[in-house]
Amino acid sequence: MIHFISNRTELGSEIDAFVNKATVQDVYDYFRNKPEIQVDTETEGFDPYEDNVLLLQFGDFDNQFVIDTSTVNILNFKDLLEKKDKLYLLQNAKFDLRFFYHQGIWVPRVYDTFLAECILTTGLKNRQLALDALASKYANGKLNKAVRGEIHRGLSVRVINYAAEDVKYLSKIKTGQMAHLVDYGLARREDVNDKYTVLGLENRVVRAFAHMEYNGVGIDQDQWKETSAEIEQEFGYQRDKLDDLVIQSDRLGKFVPSYSQGDLFGFEKRKVTINYNSPQQKVQLLNLLGINVDSSADPILQKYQDRHPIVKELRELNKLSKLSSSFGYSLLEEAYKPQTGRFHPEYWQILQTGRISVKQPNTNQIPARGKFGPLIRKAFVGRPGWKIVGGDYAAMELRELAEFSQDPLWLKIFNEGLDLHTVLCAETFNIPESEVRNPYPKNPAITYRDIQKTINYGLAYGMSSKKLASTMNVPKEEAQKVIDGFFAKVPYVDQKLSKFGKFAMDKGYIKTAPPYGRIRWFPGHEKAWATQDSYTLGKIERAGMNTPIQGTNADITKLAMVNAFEDIEENNYPANIVLSVYDELQTEAEDSFAEEWKIRLEKHLVDAAQIIITSVPVIAECAITDHWDH
DNA sequence: TCCACGGGCGCG
DNA sequence: AAAGCGCGCCCGTGGA
């Protein structure tokens, strides 16, 4: 039955006949002894700062309460939404939680049917994650999502019915999902919020992501514009420089129209026609210079940069072009929210490996290196009177490899606090540690240690001898000898990675480390075997090697987020998480609290990792600054 | 003019 | 770039 709570004087006869009118108290009474509440909202739009909540729905399968929050203050339901002994069932909780945060409402315990489905179907093609699909899959329910748009035209029987249906099936969906989740070891039936299971982790960290979307990250506009101006200026200089080189060249007449010779046009007009953003034209330019390539990607330019001055300058222009187009004025214009003075990026919580993605803007790809990296990050700041307190893990992926493989040498290096690249380098090449920074004889441009670093990070991705050979600029056989020499010294690492890869190819899935065991499916594996599709099998093998490492990293970082977020919440600390970047958390904290918070944050990071990493030390380096500085 | 696609590249 | 994993964004390109 559908119950409707509204303070409108006139509902119209149709609605009058359709709904059972109820009061705020009725809702409280109904759910008093119920352990679960199914919750949803209908809003004017996507922005909790701008858009109102039009309807708030509570329900179970038998009864749904639809509240007209245009006339009934949503805060009447703050208490009902904050019961610590109840579980709140939502589809895509992140959306609703943002609107609740705006009202100062903190829903304590969530089961998210959307996230649960993501967890169950990670890696599968053509999966259906929307509520109507889940209702039909798990509860034989039929939802008419087409009605959603009608809500903006006002209340109607159809709209109220639609809103009620959105909270009708959530518990049945949960029951259906739980059977599979428990089966796969992804959840514990007794506690869907157990943060040491994948389901519990996601159900808890979604509260943190919702708050991060709502809270955003502070942006110093002036600082941003200053850096953008500098990028634009350098870009202009660099383009002029390149244009001149093109004009001077006797082989690039194709790009220099005849009218340029007489300088008939204004001085601000470019004298060459080439578009340096066009891969096609760049390849053409290289070909005309006698460099036979079919791609203009940077590794190729690097290889040929000594063949002609233009190549080196082109690389430099490409860098500046990227900075300008992706991280200059346009990003500020599109992502800055004047109302809060901040960016409010959106998070996608579960990718193939368990990592998150970020968009509008993608704060995971803000430049970190080069002259402009730190300058761009300098514009990411805390609230006035607050500091940025950030931390990241040191060599987390390589510590995971130690944990997984239990390789004696690898363990020893971390346990004795040695330099991994240096020690392994000396072993691989059979040279004393004092010589690892000497140039590699077959390619003096790089050192032995550079090669070792490439191997250490590349092996977890299934790097081939071909790729290493190209990095080392030596024949493939030479590279293969280096890899063989390396694996001979750390045989357990070799065996463990091969085992991951083989498991993925054979079983069609791979898991992250215990206690999580997050699953990634490889649906193409059977067909690939049947057709002897070695390309696809190779992809599965390499992804199978990498996913336990990358995914375990993600599990750990999410657990650290839960630890930090709930610490802030429970103690009402003046702090917020503002960025989550792979194995790094950036937070903001009130000046006077920053020192204490830094210590707590570091502990949250270390505690999280030590759930999984027990054989080697875990190091999280935290710092207090005025801006993002990493 | 719009859209889909892919090259290319930013981060880890 | 690629027989190195995982992403999102910008731009050029080519077809409708």
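Numbers restart at 1 for each chain; the letters A, B, ... are given by sequence-line order, proteins then strands.
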Just to be sure I understand the rule, does [X] reach a base, reach only the sugar-phosphate, or reach nothing, if contact means heavy atoms closer than 4.0 Å?
X      : result
A/Q302 : nothing
A/Y457 : base
A/G538 : nothing

Do A/L497 and A/F404 touch side chain to side chain, with heavy atoms closer than 4.5 Å?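 No. Closest side-chain heavy atoms not under 4.5 Å.
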I want to check something: taking the side chain as every heavy atom from C-beta on, are A/E346 and A/V358 in contact at a cut-off of under 4.5 Å?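 Sidechains of A/V358 and A/E346: no contact.
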With [X] via side chain to side chain contact (heavy atoms under 4.5 Å, CB included) - residues at least two apart:
X      : result
A/S296 : A/P279, A/K282, A/V283, A/L286
A/E226 : A/Q223
A/N546 : A/Y461, A/Q550
A/Q495 : A/P491

Starting from [atom2] on [N], measure out to [atom1] on [X] and report it in whole angstrom.
X      : N      : atom1 : atom2 : answer
A/E333 : C/dC10 : CD    : C1'   : 15 Å
A/Q281 : C/dC11 : CD    : C1'   : 12 Å
A/M396 : C/dG6  : CE    : P     : 21 Å
A/N456 : C/dG4  : CG    : P     : 17 Å
A/L468 : C/dA1  : CG    : P     : 18 Å
A/W348 : C/dG8  : CH2   : C1'   : 14 Å
A/K466 : C/dG4  : NZ    : C1'   : 12 Å
A/I483 : C/dA3  : CD1   : C1'   : 12 Å

[atom1] spacing across the pair [N] / [M], given as an integer number of angstrom:
N     : M     : atom1 : answer
B/dC9 : C/dG4 : C1'   : 16 Å
B/dG7 : C/dA2 : C1'   : 14 Å
B/dG6 : C/dA1 : P     : 15 Å

Tell me which of A/K359 and A/T353 sits closer to the 5' end of DNA chain C, going by the nucleotide each one is nearest to.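 Closer to the 5' end of DNA chain C: A/T353.
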For A/R542 and A/Q280, take the nucleotide of DNA chain C holding the closest heavy atom to each; which residue's nucleotide lies nearer the 5' end?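 Mapping each residue to its closest nucleotide by heavy atoms, the 5'-most match is A/R542.
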DNA chain C stem ranges, 3 or more consecutive Watson-Crick or G-U pairs under 3.5 angstrom: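 DNA chain C stems, ordered by first number: B:1-12 with C:5-16.
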If the cut-off is 4.0 Å, is [X] near the phosphate of [N], judged by side-chain N/O to OP1 or OP2?
X      : N      : answer
A/N275 : C/dC11 : no
A/S278 : C/dG12 : no
A/T547 : C/dC5  : no

List for me each residue that meets salt bridge (Lys or Arg N to Asp or Glu O under 4.0 Å) alongside [X], sequence neighbours excluded, and say none if there are none.
X      : result
A/D484 : none
A/E230 : A/K371
A/K489 : A/E427
A/R342 : A/E588

Could you tell me whether the side chains of A/Y440 and A/E478 share a donor-acceptor contact shorter than 3.5 Å?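 Looking only at side-chain atoms, A/E478 and A/Y440 do form a donor-acceptor pair, the distance falling under 3.5 Å.
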Restricting to pairs with a member in residues 615-630 of chain A, which pass side-chain hydrogen bond (donor to acceptor under 3.5 Å, both in side chains), not counting sequence neighbours?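 As it turns out, the side-chain hydrogen bond (donor to acceptor under 3.5 Å, both in side chains) pairs with a partner in residues 615-630 of chain A, which skip direct neighbours, are A/K387-A/D626, A/D392-A/H630, A/E403-A/S615, A/Q406-A/S615, A/E584-A/W628, A/E584-A/H630.
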Sugar-phosphate or base contact per nucleotide [nucleotides 4-12 of chain B; S, B, -; heavy atom under 4.0 Å]: ----BBBBB
Given the rule in the salt bridge (Lys or Arg N to Asp or Glu O under 4.0 Å) test, do A/K558 and A/E202 qualify, once you have shown the distances and angles that lead to the verdict? CA-CA 8 Å; A/K558 283 176 175 173; A/E202 299 294 355; 2.7 Å; yes
Please give me every residue in residues 516-524 of chain A whose heavy atoms get under 4.0 Å of an atom in DNA chain B, ordered by residue number.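 Residues of residues 516-524 of chain A under 4.0 Å from DNA chain B: none.
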